[in-house]
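Accompanying notes for the structure given below.
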2 protein chains.
Amino acid sequence: MKYKLINGQLLLRDNGNYTVEQQDLYVKDGKIVAIGALKDDADFTVVDAKDRLIMPGLINSHGHLYMTTFRGIADDVDFNEWLFERIMPTENKMTPDEAYNSCMLGCMEMIQSGTTSFLDMHMFAGQSARAATETGLRAFIGRCIVGDDLHTDAKARFDELLTEQEAFESDRIRFMVMPHAIYTCSEQLLRQLDEEAKSRKMLKHIHMSESDTEIENCLKEQGKTPMAYLRDIGFMDEMTSMAHCVKLTDEDIAIIAKSGATVVTNPASNCKLGNGFARIHDLKEAGVNVALGTDSTASNNTLNMFREMGVLTLIHKGIHKDSTVLPAAYVLDTATANAARAFGMTGRLGEIKVGAYADLVFVDLNAPSLFPNNNIVGSLCYSANGSEVDSVMIDGKFVYKNREFLTIDREQVLYNIKKDR
Amino acid sequence: MKYKLINGQLLLRDNGNYTVEQQDLYVKDGKIVAIGALKDDADFTVVDAKDRLIMPGLINSHGHLYMTTFRGIADDVDFNEWLFERIMPTENKMTPDEAYNSCMLGCMEMIQSGTTSFLDMHMFAGQSARAATETGLRAFIGRCIVGDDLHTDAKARFDELLTEQEAFESDRIRFMVMPHAIYTCSEQLLRQLDEEAKSRKMLKHIHMSESDTEIENCLKEQGKTPMAYLRDIGFMDEMTSMAHCVKLTDEDIAIIAKSGATVVTNPASNCKLGNGFARIHDLKEAGVNVALGTDSTASNNTLNMFREMGVLTLIHKGIHKDSTVLPAAYVLDTATANAARAFGMTGRLGEIKVGAYADLVFVDLNAPSLFPNNNIVGSLCYSANGSEVDSVMIDGKFVYKNREFLTIDREQVLYNIKKDR
């Protein structure tokens, strides 16, 4: 399909600054092909975006989509009960079909709240890829890997990743190498996975420095912080994104800045599980690329990136007692352009630019929560709740239009989940 | 109108514990008259609430509704710029009609996100009362009072309050005595207002202990904290609710607990303006009644109480590094039953009970953000964004049904605000 989007207010980004301009936007073959005017537009389908902000789709840079149906099974309990008594038993009983249904529910929630790309660390990577394929979401998916040795205990999971990569990888669905964490993977396995990622030119993702226990154990066992340990193994580079990074020393921050790796912060999850506040203002000042994720609904409990943007900036203004830290444009970057940078896709993703993927979110500027539109970037961070999203286009195709899902049978997804219970 | 609500899931509260039960609910003359069954229900209009949670309407216990159109005019700036360069100049230019339109916009946002009652400290109290009268919202309104002496400089504002009270007060719209703060009212004026409130049996509301500057100045001038000062004046009692209370000593907390006054916390506003985090967990442990408010859109920037509940619990779990503090049921109480207690309306407001006002919110249990309904109270705090609200009844009348406003002409409100700009 070719689209000519008229009368919309485009949210454009230049050198980190956002402007809103009413211009026509042309979409062809999944990409933005022109902004303003295009000579031969006779066969473009015209879509009227009056009173709509057209913004880049949000990018959720950390999550576990198979856990979406776990929403609410472990609220207000301590971490050990959360993991060992609630999450793991539920996880262990899960079938691939249940995982697929759970992923579909997550896709619904993400699309409806303006997310067009997600990173997914998964037990059932194939089911996540299947859901992304069907729903039209852009995805960066990895099989969560744990163990000692890629040739023995970790082999099956890595082989599964490669099989799923072969089955599902496309321009829209990319696979990544995702060791779970330094405390669930041996040094040997981390080195092996790093080597595999490098030779296959695959991106890497890992949980890092999430809890006090993790740091204490690493200091005891390795004599250094998790960040120093990961750097010394050679795993931390521009191809690496690291979820959480809640507990960092000044030296850790310098290590990350030097490496070019991305920190993916998950403020709601870090709060909800009692892990505390990450040092995002300090990471920003050190020049570290910071992206934003929701983590799973088991620890958040929503996949709504508008909520996550609000929580990110509010808690840091509170911590620093400074209303100017993490301003709205920066926070929006963490959910768009910074994520694109983490995926090596600057200029092609997370921004409205000629040549970029047509991953576009249409926001109702007349929604009471955004009105009047005194400062739209501010409103996206501080007052939007996600329900202002009216339509969503991914890869040049509408997946949600006038609040109706076009690629998902909503009733079927709900039915499938209800019948499993 | 008389209503028989069938097939709904009622959110019932007993001794601070919530349960969900499918039962019929009967509404007559603005009140809940029966739960379960009623003999003579032949002339009750049946409303099918299948797949809906029927919960008590949320209560926003602190705000300034005339500022709703200020949303976004002062993001990411320091407090002095916020107040003196952005807010006050805008406020000074405002006409009563503009204030009314701004109130109507706020009423729309509140109703749409499940708020049925609001407390409003206002420059244009009459316009707020007018908006509440028309939209059907329940309101607790006061003219914001500053100055030295009720017989001289503060007289005009207090007289205005009494005039507006006479014009608008009803069972649904109550007026309160609202000195702005200890640093904008003299001790004499606070004593005079306390006396007026007591003789008229009116509730009292005041901003307290919001910023470091306020505390420092009070310590310097009075030789005691703002809380000790307010207690010593005699202003602090069961009829008093105090907004913010961000900066409290242990002794302050003991003073409040002893007084029976309510603390109204505004976590998003306190963060956004850089005032920091209130000690809500400690207040809770000390037995202080805590209610929840959004403050105005100039410092939040939304009136969405679901967002506020999420922010409240997340930041406290983060501060205390403890996933068990401020559990969901407690947080829901701050937005319902605790607010009712502050207004002296326990059992009549903020709970679904026979004899209580029929202030009811219908929530779509199939919304992707709430599904599956593993723990509905948890989901209301941690994953709801307000858009799950499908219908709203206040005082036994539907004001919002199947996502349509019944008492507000949405287009007219937007038009009125646009034409003023």
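Numbers restart at 1 for each chain; the letters A, B, ... are given by sequence-line order, proteins then strands. Given the structure is predicted, the values throughout are model-derived calculations rather than measurements.
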Per-residue contact mode, B:A384 against chain A (heavy atom under 4.5 angstrom): neither
Best-contacting candidate, A:G72, A:G318, A:S387, A:C381, against chain B by heavy atom pairs under 4.5 angstrom: A:G318
Positions in residues 327-335 of chain A that reach chain B, provided some heavy atom is under 4.5 Å away: A:P327, A:A328
4.5 Å side-chain heavy-atom contact, B:L105 and A:P372: yes
B:F371 CZ to A:M108 CE distance, which is reported to the nearest 0.5 Å: 8.5 Å
Pair A:K321 + B:D78: basic N to acidic O under 4.0 Å: no
Top contributor to chain B interface from A:D212, A:N275, A:V246 [non-hydrogen pairs under 4.5 Å]: A:D212
Rounded distance (nearest 0.5 Å) linking atom CZ of A:R71 with atom CG of B:N373: 9.5 Å
Option in B:N300, B:T69, B:V413, B:V377 with maximal non-hydrogen atom pairs under 4.5 Å from chain A: B:T69
B:L314 CG to A:F277 CZ distance, which is reported to the nearest 0.5 Å: 9.0 Å
Heavy-atom pair count under 4.5 Å with chain A, highest-scoring of B:I315, B:L370, B:L414: B:L414
From B:D322 atom CG to A:C271 atom SG, the distance as rounded to the nearest 0.5 Å: 12.5 Å
Max heavy-atom pair count under 4.5 Å with chain A, selected residue of B:V325, B:I319, B:N270: B:I319
Passing option when B:D75 is tested against A:N375, A:T324, A:T313, A:N374 for side chain to side chain donor-acceptor pair (under 3.5 Å): A:N375
Separation of B:N385 CG from A:T302 OG1 (nearest 0.5 Å): 6.5 Å
A:N366 and B:R410, any side-chain heavy atoms less than 4.5 Å apart: yes
From OH (B:Y382) to OG1 (A:T297), nearest 0.5 Å: 14.0 Å
Check against side chain to side chain contact (heavy atoms under 4.5 Å, CB included), A:D76 and B:K317: CA-CA 9 Å; A:D76 304 321; B:K317 286 174 161 66; 2.9 Å; yes
Expected output: side-chain B:S323 to main-chain A:V77 donor-acceptor under 3.5 Å: yes
Minimum heavy-atom distance between A:R307 and B:G310, given as atom pair plus value: NH1-CA, 4.5 Å
Contacting moiety of B:F306, where chain A heavy atoms sit under 4.5 Å: neither
For B:Q112 against A:P368, the heavy-atom pair lying closest together: OE1-CG, 3.2 Å
Contact leader toward chain B among A:G386, A:S369, A:G378, where contacts are heavy-atom pairs under 4.5 Å: A:S369
